[in-house]
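Below you'll find the structure, written out as structure tokens, and then a few comments.
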Amino acid sequence: MDYQPRDIEQRWRKYWEENEIYKVEVDHNKPKYYVLDMFPYPSGAGLHVGHPLGYIASDIFARYKRLKGFNVLHPMGYDSFGLPAEQYAIQTGIHPAISTEKNINRYREQLENLGFSFDWSREVRTSDPSYYKWTQWIFMQLFKHYYDQDADKAMPVETLAERFAKDGNANVKAVCDDDTPAISAADWNGMSEKEQNEFLLHYRLTFPEESFVNWCPALGTVLSNDEVKDGVSERGGHPVERKLMKQWSMRITAYADKLLEGLNHIDWPESLKEQQRNWIGRSQGASVRFALEQDADTKIEVFTTRVDTIYGVTFMCLAPEHDLVDQLTTPEQQEEIEKYIKWTASRSERERMSEVKQVTGAFTGSYCINPFNGEKVPIYIADYVLAGYGTGAVMAVPSGDQRDWNFATHFGLPIIPILDAQKDIETAADPTKEGKYINSGIIDGMTYDEAIPTLTNWLEERGLGKGKIQYRIRNAVFSRQRYWGEPVPAYWKDGVPYLIDESELPLVLPAVDKYLPTEDGDPPLGRAEGWKYQDQYEYELSTMPGWAGSSWYWYRYMDSQNDERFASKDAVQYWQAVDLYIGGSEHAVGHLLYSRFWNHFLYDLGLVPEKEYAKKLINQGMIQGVIESIFMEKSEAKDKRFVSADLLDQYPDTEWAQMPVHVDFVSDYGSEQSHLDKDGIEKFKEWRPAFANATFITNDKGQIVTKSEVGKMSKRYFNVVNPDDVIDRYGTDCFRMYEMFLGPIEQAKPWDTKGIDGVIKFLRRFWSLFFDGNGEFAVSQETPSKEEMKILHTTIKKVTEDIERFNFNTCVSAFMIATNDLKKMKCNKAAVLKELVVLMAPFAPHINEELWHRLGEEGSVHKASFPEYDEKYLKEDSITYPIAINGKTRATADFPADASKADIEKAAQELDTMQKWLEGKTIRKVIVVPGRMVNIVVG
RNA sequence: GCGGGUGUGGCGAAAUUGGUAGACGCGCUAGACUUAGGAUCUAGUGCCGCGAGGCGUGGGGGUUCGAGUCCCUCCACCCGCACCA
């Protein structure tokens, strides 16, 4: 009987469902293991091509852990709030809930087609009120808490109010807005309720504040930096302006240190941790205040990580947007400064970033005074200084910083050496910390480690500065002017936000007539009728961002039906945290940072047991596609010309446009020889009837050579490979094994099916081990030979070790080798095959379930226990050693496994085959590495 | 400019602590079986050379008896970024 994947797969999937094979409950008699995938956004295009890779890997690991006796939580759900559904609603008027439901059903089908072992009874959807009830609840907790630096955790705002009533805020060490005024107890007690509530917003972990946003009037919405290209919206090309808007914000800065520190305790890819560290950007340094020459009371504050270089300061640089620029500009310099400011305002961030080599700036005409030596320091503005970071002002040290050096050289400013170890500062800056200070007043002759405290103390004694830690992470804007998101459970009274009562959760998204902003520019919720708290106070009109729902979802899986709590205490206590989390690295500084922030907060409240919710994280690489394009003449002519890419240089005067073609038409797709042959050209004409009469200038082989590029798989490039098609042809098991066989999961790679035949061949061969020449199922009950046991146990060892290291590609190789070896020996011993079936079941769950039952075993193979290897079958009688002379292998020889080093050393030199190499040479040394090799060193 | 990563046959890739580089698969070559095969099986396949042998893990240098692996240096490509003072 031939291997028929489709029959087998359908039958066993049904069996698993009927017998609830993958259902999991809290079980205190078993150790738990939690395998989590990043849940998908259900887009209209179907399951994203990058997803199966990660999902297959996590499924294999989940199945493996189950076989190893763990109680495995392996759930799946949908991150179902998002912009595409809203845009679709704007176009069609269809409620996003309806289109989302449809997409989810499609995803569910595709996921089931991949044979995953999810416990679907735990499915979550972030857009479901029973889910977002708890997203809103967590938001409320954030509003109700502030970050207390003495307790080093979040504390209830009520306790803060009590302290204000007693002592004011002078002794409160808490994370708050920079402009929080100092108040006394009397001040506080004299405030009205509204004033008190307003004041507390300076401390709450989520709070409304005026912040600049990219506002696009035409689209009536706020855009991310990414959606703005050259000052216009990416979609539609509408103008975008900077606008101040009241936005909810999350005080993630309060957790900056904990988020940094936590990275030391989790097993995440080092590169991803580094990205988060850079994003948080903790730098230790000092702030220094430079008084103006013209007005000693006005001071420019700078932040520097190298306060030790302060005697090398030869100019000061402000961001063009700095508050003091107007005041500093002298009448003579007015024109130049204005011109420069105008010029920088016209430059996009992209331009400012890419043109780093060009030195630009302008002199304000004013000076400030270096507090250490009283020197006059000229003040410039330059757009390499960013208004948004630190104080928007930099003290420039040309001898120690290359950018400052470039600027000084360009404007003819002095360059003062400050360390005796600095070299060649005439040609470039030298940022060294080595050596002793020179030209440096109070720190002359000191080293770096001595200088820093000396300077900081000096500054602090005089109130001119202090040691300071600066972060570059900013509070996270939490409002979206959109419909399809969680409503914020707050209302406005007298211009101050209040929370609704917890008993009123969930605050369900109201119906609206249109999904567009109102005429007044309010978000879509402004259209909802009666959208008022107790019919009098307007609810918050913005909704939450996409990352809200995904910042805690792993807890909901633990107890997804709970109405009383986000998850029961029991469930959270049992499942604790995610043991293995798999997803893409594109979430490095978005989801993976925000979710850690929320988790730290929930931990502070005692609601969850671990500070870090994901102990181990693996990034699966993106599977890319190949974009194949042909060249079409740019002309007004009705019938265009197309040219083979290898003939382009014969038409130097013609302009050609690149046009993507469907990859199905392309021969040798993805290679340098990729081309449309005669057949392909016909298919292309059929596909694009407008070009039926076009001219095709082919090369001498009659081909139109195409240009191949690796890039995103996307509908617009006609290069999407749908997993369903591959599965229809080869079966789920083959698809799963092939994706694993492609290479390491972390690696990005273009999708191609070139090697899939090897995997299907292997599965057929594996299947044939269980059948005789007539196609009848036939296994032998005989005791396996020593040789057969060796193959089995080598494979068990290899696969066990490789699964633990997530080297799934080499596991597949091991299965292939074992199958080939057993096939050669015509081994059909049930005792060997049964173990192999369990071993392979995580990778190819269906075929192995079938074979398990044919072997007469009870129950599901997925409830069996993973085989253990026995060292005794792995021992060799003899070991083949390579024998080298000066590192160059010249012969091999077998020695008994228990031979001593001395025996091997002696025997190796006496080998007949070695004599011709050793003739006339003097042996200086013989190196024997037991079990490995012999190297004879000759003179 | 900064940060991170990658570089091994025609292709996807293997290679515990430095120890026979290229496992496994694709492709290719030859053969077997077939009416036929894009099915199956067998053998071969890093490069140069008839051969002995030589050369080979992006380039150059170093440490070592021995380097894909460790160190220095240069190059190429990819990803991220908010010029982070």
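Below, read A as the first sequence line, B as the second, and so on, with proteins coming before strands; counting in each chain starts at 1. Side chains are part of it too, since the values below use all heavy atoms of this structure and drop only hydrogens, waters and symmetry mates.
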Open item on the list: Counting the atoms with a prime plus P, OP1 and OP2 as sugar-phosphate, which does A:Ile927 contact under 4.0 Å by heavy atoms, base, sugar-phosphate, or nothing?
Closed with: base
TODO: Give a yes or no on whether the ring-centroid distance for A:Tyr380 and A:Phe407 is below 6.0 angstrom.
DONE: yes
- [ ] Give one of base, sugar-phosphate or nothing for A:Asn935, where a contact means two heavy atoms less than 4.0 Å apart.
- [x] base
Task: P-based separation of B:A14 from B:G58 [nearest Å] - done: 15 Å
Task: Pairwise P distance for B:G61 and B:A43, with rounding to whole Å - done: 42 Å
- [ ] Using the closest heavy atom to pick a nucleotide of RNA chain B for each, name whichever of A:Glu270 or A:Asn886 lands nearer the 5' end.
- [x] A:Glu270
Task: Aromatic ring proximity A:Phe843/A:Phe815, centre distance under 6.0 Å - done: yes
Open item on the list: Under 3.5 Å for both donor-acceptor distances, Watson-Crick or wobble: does B:C50 have a partner, and if so which one?
Closed with: none
Task: Side chain of A:Arg472 - closest among B:G25, B:C84, B:A23 - done: B:C84
- [ ] With C1' as the reference atom in both, quote the distance from B:G49 to B:U64 in angstrom, rounded to an integer.
- [x] 31 Å
Task: Candidate nucleotides B:G5, B:U16, B:C24, ranked by approach to the side chain of A:Ser813 - the nearest - done: B:C24
TODO: Rounded to the nearest angstrom, tell me the gap between atom CH2 in A:Trp767 and atom P in B:U40.
DONE: 17 Å
Task: Presence of A:Arg277 side-chain N/O under 4.0 Å of B:G4 phosphate oxygens OP1/OP2 - done: no
Open item on the list: Rounding to an integer number of angstrom, what distance separates B:U8 and B:C55 when you compare their C1' atoms?
Closed with: 15 Å
Open item on the list: What's the closest nucleotide to the side chain of A:Pro744 if the choices are B:C26, B:G19, B:A14?
Closed with: B:A14
Open item on the list: Assess, by modelled atom type and distance only, whether the side chains of A:Asp257 and A:Tyr471 contain a donor and an acceptor separated by less than 3.5 Å.
Closed with: yes
TODO: Using only heavy-atom distances, determine whether the side chains of A:Ser249 and A:Asn475 contain a donor-acceptor pair under 3.5 Å.
DONE: no
TODO: Taking A:Asp401 for its side chain and A:Asp404 for its backbone only, find out whether a donor-acceptor pair lies under 3.5 Å.
DONE: yes
Open item on the list: On RNA chain B, compare the nucleotides closest to A:Tyr881 and A:Glu274; which residue's is nearer the 5' end?
Closed with: A:Glu274
